[in-house]
Amino acid sequence: MNNFINNNKKLILSILLLIFLYDDYATGTYTSYRLPKSFHPENYKLEVHTHLNDSYGFKYFGKVWITTICDEDATNITLHSKNLTILEKELSIRMMPEENAIGNDVKIKKIEYLKENDYLVLHTDDSMKKGRKYEVYIPFEAELSTGLLGYYRSSYYDKESQSKIWLSVTQFEPTHARQAFPCFDEPEMKATFDIILGHHKKYTALSNMPVSHTEKSPQDSEWIIDYFNRTVPMSTYLVAYTINDFEYKEAEIESSEDVVFRIWARRDAINQTDYATIVGPNVTKFYEDYFDIKFPLPKIDMIAIPDFSAGAMENWGLITYRETALLYLPNVSTTSSKYRVASVIAHELAHQWFGNLVTMKWWTDLWLNEGFATYIASLGVHHLHPEWNSLDENTVDNMLSIFKFDALKTSHPVSVEIGHPSMIAQIFDAISYQKGSNVLRMMHSFLGEDTFRSGVSRYLKKHAYKNAIQDDLWASLTEVAHENDVLPKHITVKMIMDSWTLQTGYPVINVTRDYSKNTADISQMRYVADATSSKSLVENCWWVPLTYTDKISLAFNETMARDWLECSKSKDPENATKTLTDLPDRNNWLVFNNRLSGLYKVQYDKDNYRLIVNQLIGPDFRNIDVMNRAQLIDDAMDLAWTQNQEYGIALSMINYLRQEDEYIPWKSALSNLNIVSRLLKRTQLYGVFKSYMQHILDPIYQTVGGMNPDEVKSERLDAVKRKVLIASWACRYDVSDCVEKSLRYFYEWMKVENPDTTNPIPLDLRSIVYCNAMKYRKENEWNFLWQRYLNSNVQSEKTLIIIALSCSREIWLLQRYLDWSLNSTSGVRKQDATILFGGVAKGDVGFNLAKDFLLNRIDEIYNYLSPDTSRITRYIKPLAEYMSTEKELLELKDLVDKKPKLFEKSTQGVSQALETIEVNQQWRRTNYQEMGRYLGRMAYRDFQSNELLF
């Protein structure tokens with residue numbers, strides 16, 4: 001008997017689990033957060049009648065007929081419903097007739113609501129039979145909420161009618177369709193949808209598909225009912241509908257055969273849609289060609305919503321956006337705003353294939369949606385605007401974000417196990433988006449363009465209108481890789497990529513050269529920001545595609561793997577050392593990770609660092625590729641942070657920047673120095689650090705033309721971003737005439753006759769000018785800018801002003817400003833409350849005000865954000881970045897401990913914030929004195945010497 005048990009453990013456990021689950025579903029005591037598998041939907045007929053501030057107020061009345069297929073005998077049907085009033089007396093279940101048979105009603109004996117899981121359970125007298133179809137009819141009603149989730153209401157002020165206009169719109173991802181209508185609200189439960197929308201005739205109704213026909217309401221002559229064409233099979237989170245009085249502009253460019261492309265906005269903003277009519281069709285056509293799959297719907301509507309929680313949402317055929325992500329007005333919106341519009345549109349359109357056509361089975365593989373959309377969008381934007389040179393900048397920007405975020409022990413894998421659905425919102429973060437994008441870029445690099453593109457297309461075609469897991473993608477890519485002889489037959493994409501998606505973090509590759517043999521030993525270790533933890537994490541191991549070049553070959557463009565650092569069977573990566581041979585001699589440097597093609601850091605021996613730094617400080621520093629110059633700085637700063645090497649190496653590299661004129665290395669250096677600056681700001685070292693920053697910034701400030709507006713114009717996006725970045729930092733550290741010119745520009749604006757229509761401040765410098773005017777001036781200037789905010793019709797300009805107003809040093813102004821963030825009548829929209837708070841928290845005097853605001857008014861913040869309380873993370877994280885004392889850590893811990901309910905939907909963000917403070921504390925203890933020594937040593941020489949500091 002014991003042998004039988006030992007040999008059949010898996011079988012016995014499976015049987016016990018089935019018995020356990022059956023008992024749950026039979027008795028109605030559900031322990032699972034996932035729906036039972038006894039039914040799946042085939043079609044929804046959903047009818048919704050929406051009232052926008054008429055005699056009913058803000059209510060909607062709905063009916064849904066769900067055709068379901070019974071997959072196993074059952075005595076109940078379980079689906080999702082949340083905050084809906086179900087009209088129980090009219091609810092029914094009917095067995096659909098088979099051929100030559102009559103359908104019968106199924107008697108419902110009990111209706112049960114399980115709020116913990118948002119379940120609506122319909123118990124029946126008789127068992128429903130496997131293989132039969134059943135139609136569930138559920139009438140319901142609910143309030144249109146103001147919470148920016150589910151089916152909610154938004155509003156705007158219309159200049160023509162001089163009145164407040166209301167609209168309704170949906171936001172269902174990830175689990176909010178259940179707040180709008182009863183449904184099987186899981187991504188794998190795909191079905192077709194027949195949408196019917198009733199509304200007052202003065203409004204327009206939009207949904208995923210075009211309107212097939214419209215009827216007058218038999219109950220009210222002022223009402224009409226729109227019937228929409230049936231959708232393709234899709235998940236509930238992609239269903240969308242809206243009732244509004246917007247106008248639209250139709251794209252004149254053909255996106256695809258028979259696809260109508262329209263951009264919708266409130267009538268006062270319809271002149272801001274022209275750019276989107278160009279981006280949308282062009283990027284759609286690019287994707288159709290790239291994936292070799294036509295867009296399957298007859299139309300794409302893109303609509304700008306005044307109140308919207310996310311940046312945008314990829315609903316199939318009806319994509320919803322924040323105004324800042326869709327609307328662009330030349331001469332008012334900045335170049336960065338234009339780039340944001342292009343990249344967000346490209347991201348959402350990429351989802352029409354990744355996420356909509358092929359959908360992850362469960363939120364564990366959210367990254368298949370978001371990582372792919374982020375990476376493919378960068379290709380789409382580059383196709384649209386090759387003159388922007390945005391691909392490299394986008395890569396470095398993502399890498400800088402990931403290298404910091406994923407260095408936390410409280411980070412998570414790309415493919416992350418999801419427990420209760422309340423966890424899902426927390427993984428819409430840098431790991432799913434940026435890291436997901438970067439591991440795909442790495443895979444693209446080692447597979448090559450043909451294999452990557454063919455493999456992705458094969459995956460999409462194979463799983464079209466269905467669901468998939470990441471292993472399905474790996475399988476398609478492996479097939480093509482083996483066909484093209486890109487990978488040896490014994491190596492699969494899964495073997496490689498699982499090491500990147502199923503474990504947290506990334507490696508640092510240690511390169512130790514033997515100059516007598518022209519060889520190098522290569523090993524790996526997980527990089528962790530907490531220096532005390534690295535030795536306890538030796539079990540982590542990655543398949544690392546090795547690319548490298550040297551002073552002689554300069555082969556930085558060779559990004560396919562020259563070799564692999566494989567995961568050894570040994571548990572200790574230190575014992576898994578690889579030796580590379582035939583390397584250059586001791587006079588030539590070696591640089592790994594060509595053009596950042598892999599998601600890893602590199603640490604060299606000191607002699608190789610000296611060779612690299614001497615190259616950088618010399619006249620031929622451009623012989624090292626621009627992306628690797630950025631990488632070398634970032635790696636050196638991070639390795640110094642954890643005391644894996646001395647700060648002398650990092651600072652020696654940064655000193656070369658006085659001759660650097662490219663944006664990407666500056667972005668890397670200043671991102672890292674910003675972290676150091678935050679920790680030094682409240683210490684006596686800040687003065688000498690400020691002098692050091694003035695020393696390295698002054699040459700580049702002159703190179704970019706200072707605050708001269710004529711120097712801002714460029715076709716290259718990175719050139720504009722460089723100008724803005726350098727000017728911003730120059731003003732921050734009082735370099736040259738930066739602050740003086742900012743104030744002069746602002747006063748010129750205040751003097752014009754109509755400041756709402758005439759703004760003499762150079763467009764891309766406005767964020768800098770506005771902030772400095774608030775920082776160095778008082779109430780009069782603040783009120784002037786606030787009035788411009790209220791009068792502006794361009795949301796990107798309004799967002800820029802919201803951030804700039806937080807630069808003030810007037811305590812009472814900032815306190816009032818924080819109060820306004822929780823007042824829906826103040827002029828600050830709910831969607832922008834976290835932006836306002838983050839700006840204050842990062843200000844010179846705002847930090848303590850923001851901290852007290854959070855500690856003392858957390859209950860109000862929670863209630864104001866509800867139901868999307870996961871956004872509390874956006875209050876905690878900007879504060880944590882500036883915290884580095886035990887007192888601050890205890891204050892935040894005490895808040896979380898005393899009010900655990902308020903942080904239930906943001907547990908991961910809270911853990912990451914607390915770890916950030918601990919890591920900052922550690923840096924203060926271990927690196928503060930070292931940083932002081934190096935800064936003092938450079939100051940002694942007036943920062944003029946190019947002497948190596950190591």
Side-chain angles (χ1 to χ4, degrees), residues 400 633-634 637 647 650-708 711-712 721-746 762 764-777 803-804 806-809 839 841-847 881-882 884 928 931-932 934-945 949:
L400 291 171
I633 291 170
D634 189 61
M637 287 293 286
Y647 263 106
L651 294 175
S652 294
M653 282 187 185
I654 287 175
N655 284 340
Y656 103 91
L657 287 171
R658 281 177 58 83
Q659 60 179 346
E660 177 64 81
D661 58 3
E662 290 284 352
Y663 169 71
I664 291 173
W666 275 104
K667 169 82 173 180
S668 175
L670 295 178
S671 294
N672 280 280
L673 288 168
N674 189 44
I675 300 171
V676 175
S677 175
R678 289 199 301 252
L679 298 179
L680 294 182
K681 199 162 193 177
R682 292 179 281 169
T683 73
Q684 61 182 6
L685 273 185
Y686 191 70
V688 67
F689 179 76
K690 180 177 178 181
S691 297
Y692 172 63
M693 293 305 301
Q694 290 171 334
H695 168 72
I696 65 170
L697 284 166
D698 186 67
I700 187 67
Y701 179 71
Q702 306 305 329
T703 298
V704 301
M707 294 290 284
N708 183 342
E711 300 296 329
V712 183
K721 286 193 169 186
R722 178 192 66 170
K723 169 78 172 185
V724 175
L725 177 73
I726 297 304
S728 174
W729 277 71
C731 284
R732 180 174 169 181
Y733 289 100
D734 297 326
V735 173
S736 188
D737 61 357
C738 189
V739 172
E740 177 190 343
K741 280 202 168 182
S742 292
L743 298 178
R744 197 182 307 157
Y745 279 134
F746 197 81
D764 289 303
L765 297 178
R766 287 178 185 174
S767 61
I768 302 165
V769 171
Y770 294 175
C771 183
N772 279 289
M774 298 305 98
K775 186 175 179 180
Y776 293 102
R777 294 296 180 261
I803 297 169
S806 67
C807 296
S808 174
R809 290 173 170 173
K842 296 173 184 178
D844 287 349
V845 301
F847 170 79
E881 289 174 351
Y882 286 82
S884 60
Y928 178 79
M931 180 61 71
Y934 281 117
L935 288 173
R937 181 175 164 184
M938 289 187 288
Y940 181 74
R941 297 175 173 81
D942 292 327
F943 304 105
Q944 296 302 319
S945 173
L949 299 171

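Numbering starts at 1 and runs along the sequence shown.
A donor-acceptor pair under 3.5 Å links the side-chain atoms of Arg682 to the main chain of Tyr882, judged by distance alone. Judged by distance alone, with hydrogens and angles left aside, the side-chain atoms of Lys723 form a donor-acceptor pair with the main-chain N or O of Gly706 at under 3.5 Å. A side-chain donor-acceptor contact under 3.5 Å links Arg722 to the backbone of Asp661.
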Side-chain atoms of residues 684-692: list all donor-acceptor pairs with protein atoms under 3.5 Å, sequence neighbours left out, distances to 0.1 Å.
residue: Lys690; atom: NZ; partner: Asp734; partner atom: OD2; Å: 2.7
residue: Ser691; atom: OG; partner: Gly687; partner atom: O; Å: 3.3
residue: Tyr692; atom: OH; partner: Asn655; partner atom: OD1; Å: 3.4

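Taken from CG in Asn672 to CE in Met653, the straight-line distance is 12.0 Å, to the nearest 0.5 Å. Annotation: the span from Leu765 atom CG to Lys741 atom NZ amounts to 10.0 Å, rounded to 0.5 Å. With values rounded to the nearest 0.5 angstrom, Met707 atom CE is found 13.0 Å from Ile726 atom CD1. Atom CE in Met774 sits 14.0 Å away from atom CD1 in Ile803 (nearest 0.5 Å). The CG atom of Leu949 sits 3.5 Å away from the OG atom of Ser652 when rounded to the nearest 0.5 Å. Distance CZ/Arg732 to SG/Cys807: 11.0 Å, rounded to 0.5 Å.
Open room surrounds NZ on Lys842; 12 or fewer heavy atoms of other groups in view lie less than 6.0 Å from it.
Listed by chain and residue number, nothing satisfies the salt bridge (Lys or Arg N to Asp or Glu O under 4.0 Å) test with Asp698 (two or more places apart in sequence, or in another chain).
Tested against Pro665 for a side chain to side chain contact (heavy atoms under 4.5 Å, CB included), the candidates Ile654, Asp634, Leu657 yield a single pass: Leu657.
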Discussion item. One pair to check against side-chain hydrogen bond (donor to acceptor under 3.5 Å, both in side chains): Tyr733 and Ser677. What are the steps and the verdict?
Written reply: CA-CA 11 Å; Tyr733 289 100; Ser677 175; 2.8 Å; yes
Fill in: Audit row: Met693, Val735, side chain to side chain contact (heavy atoms under 4.5 Å, CB included) steps and yes/no
CA-CA 9 Å; Met693 293 305 301; Val735 173; over 6 Å; no
Worksheet item: Between Cys771 and Cys731, does a disulfide (SG to SG under 2.5 Å) hold up when you go through it step by step?
Response: CA-CA 10 Å; Cys771 183; Cys731 284; over 6 Å; no
Item to complete: Mind running side chain to side chain contact (heavy atoms under 4.5 Å, CB included) on Lys721 and Ile664 for me, showing each step along the way?
Response: CA-CA 10 Å; Lys721 286 193 169 186; Ile664 291 173; over 6 Å; no
Discussion item. Is there a side chain to side chain contact (heavy atoms under 4.5 Å, CB included) between His695 and Asp942? Walk through the geometry before answering.
Written reply: CA-CA 9 Å; His695 168 72; Asp942 292 327; over 6 Å; no
Discussion item. Set out, in order, the CA-CA distance, both residues' side-chain angles and the distance that settles side chain to side chain contact (heavy atoms under 4.5 Å, CB included) for Asn674 and Trp729, then state yes or no.
Written reply: CA-CA 10 Å; Asn674 189 44; Trp729 277 71; 3.8 Å; yes
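The closest side-chain heavy-atom distance from Lys667 to Leu400 is below 4.5 Å. Residues Ile675 and Met637 fail the side-chain proximity criterion, which asks for heavy atoms closer than 4.5 Å.
Pairs engaging residues 655-678 under the ring pair (Phe, Tyr, Trp, His ring centres under 6.0 Å) rule: Phe621-Tyr656 [sequence neighbours left out].
Annotation: cation-pi pair Arg658/Phe943 absent, no NZ/CZ under 6.0 Å from the ring centroid and within 45° of its normal.
The two atoms that bring Ser742 and Val769 nearest to each other are O-CG1, 3.3 Å, heavy atoms only.
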